[in-house]
Amino acid sequence: MKKIIVVTSSPRRGGNSETLATRFAEGAISAGNSVEFVSVKDLDLQFCIGCMYCQNHDKCVLDDKMNSLYSKFQHADVLVFATPVYYYSVSGQLKTLLDRLNPLYPRKNAFKEVYLLATSAEDDESAMDGCISDINGWIACFDGVQLKGVLRGTGVSDKGDIDKTDFPAKAFEMGKNA
């Protein structure tokens, strides 16, 4: 059994990227894994201030909900990031979370696999290239971690558009095989 954390970063509850995250989780659970959701919109995150306090302490100097999550991220086997594509990049919400995961850098982390679930109004899959670059940049900071899978949910802009595609089924299968 793998411990999986699924991060949803859309500010829109029940949006297209959150739907993919839910289906990924359902697939992972069906395969016997444990899944915990982290919804960035519920964290009231502050921006990283670059003080590097976290590199010599077991927490961030900022007192928000992130300090309660570091151990969970550290001990997870798999991390899944779901994001809408904003201007050919991950959402600002996800970027803020990635920055705030800086306390993981000096730790011995269990996670070795990362998945990206991205949705965009753009039909061209290249619209996700910036997101993949963003995630790969974060992954590069951790030894032995790899981007295991990417789901490019293209051509979906309105809430619920994703349900008219085969992307939720693909997310389920990806989760099942995680």
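It should be emphasised that the depicted structure is a prediction, and the values quoted were computed from it without experimental measurement. In this chain, numbering begins with 1 at the start of the sequence shown.
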Query raised in the report: With a 4.5 Å heavy-atom cut-off, do Asn16 and Asp161 have their side chains touching?
Result: yes

**Report entry** Distance in Å, Leu79 CG paired with Ile5 CD1, rounded so as to fall on 0.5 Å steps
**Finding:** 6.0 Å

Report summary line: Applied to residues 20-52, the ring pair (Phe, Tyr, Trp, His ring centres under 6.0 Å) test, sequence neighbours excluded, yields Phe24-Tyr115

Report task. Could I get the full list of side-chain contact (heavy atoms from CB on, under 4.5 Å) partners for Asp58, not counting sequence neighbours? Result -> Arg107

Requested in this report: To the nearest 0.5 angstrom, please state how far the CD1 atom of Ile135 sits from the NZ atom of Lys95.
Outcome: 9.5 Å

Requested in this report: Find the distance between CE (Met52) and SG (Cys48) and round it off to the nearest 0.5 Å.
Outcome: 8.0 Å

Requested in this report: With sequence neighbours left out, write down each residue that passes salt bridge (Lys or Arg N to Asp or Glu O under 4.0 Å) with Lys112, or none if nothing qualifies.
Outcome: none

Query - Pairs touching residues 19-30 that satisfy side-chain hydrogen bond (donor to acceptor under 3.5 Å, both in side chains), sequence neighbours left out - result: Arg23-Glu26

**Report entry** Separation between CG of Asn136 and SG of Cys141, rounded to the nearest 0.5 Å
**Finding:** 11.0 Å

Report summary line: For His57, the ring-ring contact (aromatic ring centres under 6.0 Å, His included) test, sequence neighbours excluded, returns Tyr53

Query raised in the report: Going by side-chain heavy atoms closer than 4.5 Å, which hydrophobic residues are tied to Met1, directly or by a chain of links?
Result: none

Query raised in the report: Between Asp123 and Arg152, is the closest basic N to carboxylate O distance under 4.0 Å?
Result: no

Query raised in the report: Shortest non-hydrogen contact from Pro11 to Tyr86?
Result: CD-OH, 3.2 Å

**Report entry** Sub-4.5 Å side-chain heavy-atom contact between Cys131 and Leu116
**Finding:** yes

**Report entry** Minimum-distance pair of heavy atoms, taken over all atoms of Asn33 and Ala178
**Finding:** ND2-O, 4.2 Å

Query raised in the report: Is the shortest heavy-atom distance from the side chain of Thr96 to the side chain of Leu94 under 4.5 Å?
Result: no

Report summary line: Sorted by chain and residue number, the ring-ring contact (aromatic ring centres under 6.0 Å, His included) partners of Tyr105 (sequence neighbours excluded) come out as none

Report task. Consider only side-chain heavy atoms of I, L, V, M, F, W and Y, link residues closer than 4.5 Å, and tell whether Val114 and Val78 are in one cluster. Result -> no

Query raised in the report: Considering residues at least two apart in sequence or located in another chain, which fulfil the side chain to side chain donor-acceptor pair (under 3.5 Å) criterion with Gln46?
Result: none

Report task. Report the residues that fulfil side chain to side chain donor-acceptor pair (under 3.5 Å) with Ser89, sequence neighbours left out, ordered by chain and then residue number. Result -> Asp134

Query raised in the report: So if you build clusters from Ile, Leu, Val, Met, Phe, Trp, Tyr with side-chain heavy-atom gaps below 4.5 Å, do Phe167 and Phe172 land together?
Result: no

Report task. Supply the atom-to-atom distance Met128 CE to Leu117 CG, rounded to the nearest 0.5 angstrom. Result -> 10.0 Å

Query raised in the report: Considering residues, nucleotides and ligands other than Asp63, do more than 12 of their heavy atoms fall under 6.0 Å from its CG?
Result: no

Query raised in the report: Among the clusters formed by ILVMFWY side chains lying less than 4.5 Å apart, do Phe81 and Leu104 turn up in the same one?
Result: yes

Report task. Could you state whether Leu20 and Val150 fall into the same hydrophobic cluster, counting links through intermediate Ile, Leu, Val, Met, Phe, Trp or Tyr residues with side-chain heavy atoms under 4.5 angstrom apart? Result -> no

Query raised in the report: What's the shortest heavy-atom distance between Arg12 and Asp158, and which atoms?
Result: NH1-C, 4.1 Å

Query raised in the report: From Cys60 SG over to Leu45 CG, what is the distance, rounded to the nearest 0.5 angstrom?
Result: 10.0 Å

Query raised in the report: Considering all heavy atoms of both residues, which atom of Lys2 and which atom of Asp77 are nearest to each other, and what is their separation?
Result: CA-OD2, 3.4 Å

**Report entry** Chi angles and distances behind the side-chain contact (heavy atoms from CB on, under 4.5 Å) call for Ile162, Thr119
**Finding:** CA-CA 8 Å; Ile162 199 81; Thr119 59; 4.1 Å; yes

Requested in this report: Grab the two heavy atoms, one from Ile4 and one from Val80, that are nearest each other, plus how far apart they are.
Outcome: CG2-CG2, 3.9 Å

**Report entry** Evaluation steps, side-chain contact (heavy atoms from CB on, under 4.5 Å), between Thr154 and Asp124
**Finding:** CA-CA 7 Å; Thr154 57; Asp124 190 338; over 6 Å; no

**Report entry** Shortest non-hydrogen contact between Pro106 and Cys54, atoms and distance
**Finding:** CG-O, 4.3 Å

Query raised in the report: So does Lys59 have more than 12 non-hydrogen atoms from other groups sitting under 6.0 Å from NZ?
Result: no

Query raised in the report: Under 4.5 Å between any side-chain heavy atoms of Leu43 and Met66, yes or no?
Result: yes

**Report entry** Heavy-atom donor-acceptor pair, Lys159 side chain to Arg13 backbone, under 3.5 Å
**Finding:** yes

Query raised in the report: Do the side chain of Glu18 and the main chain of Gly14 share a donor and acceptor less than 3.5 angstrom apart?
Result: yes

Report task. Could you tell me which residues satisfy side-chain contact (heavy atoms from CB on, under 4.5 Å) with Ser71, sequence neighbours excluded, listed by chain and number? Result -> His75

**Report entry** Which residues share a side chain to side chain donor-acceptor pair (under 3.5 Å) with Thr83, sequence neighbours left out
**Finding:** Ser9, Ser91

Report task. Could you state whether Leu98 and Tyr70 fall into the same hydrophobic cluster, counting links through intermediate Ile, Leu, Val, Met, Phe, Trp or Tyr residues with side-chain heavy atoms under 4.5 angstrom apart? Result -> yes

Query - Side-chain heavy atoms of Leu97 within contact of Gln93, under 4.5 Å - result: no

**Report entry** Worked check of side-chain contact (heavy atoms from CB on, under 4.5 Å) between Leu62 and Arg100
**Finding:** CA-CA 10 Å; Leu62 299 174; Arg100 291 295 307 284; 3.8 Å; yes

Query raised in the report: Could you go step by step and tell me if Lys65 and Asp42 meet the salt bridge (Lys or Arg N to Asp or Glu O under 4.0 Å) rule?
Result: CA-CA 9 Å; Lys65 294 180 182 175; Asp42 296 333; over 6 Å; no

**Report entry** Set of ring-ring contact (aromatic ring centres under 6.0 Å, His included) partners for Phe111, sequence neighbours left out
**Finding:** Trp138, Phe142

Report task. Answer whether the closest heavy-atom distance between the side chains of Val7 and Val40 falls below 4.5 Å. Result -> yes

Query raised in the report: Is a side-chain N or O of Asn67 found less than 3.5 angstrom from the main chain of Val61, in a donor-acceptor match?
Result: no

Query raised in the report: With a 4.5 Å limit on heavy-atom distance, are the side chains of Asn109 and Phe73 in contact?
Result: no

Query raised in the report: Are any non-hydrogen side-chain atoms of Val145 and Glu113 less than 4.5 angstrom apart?
Result: no

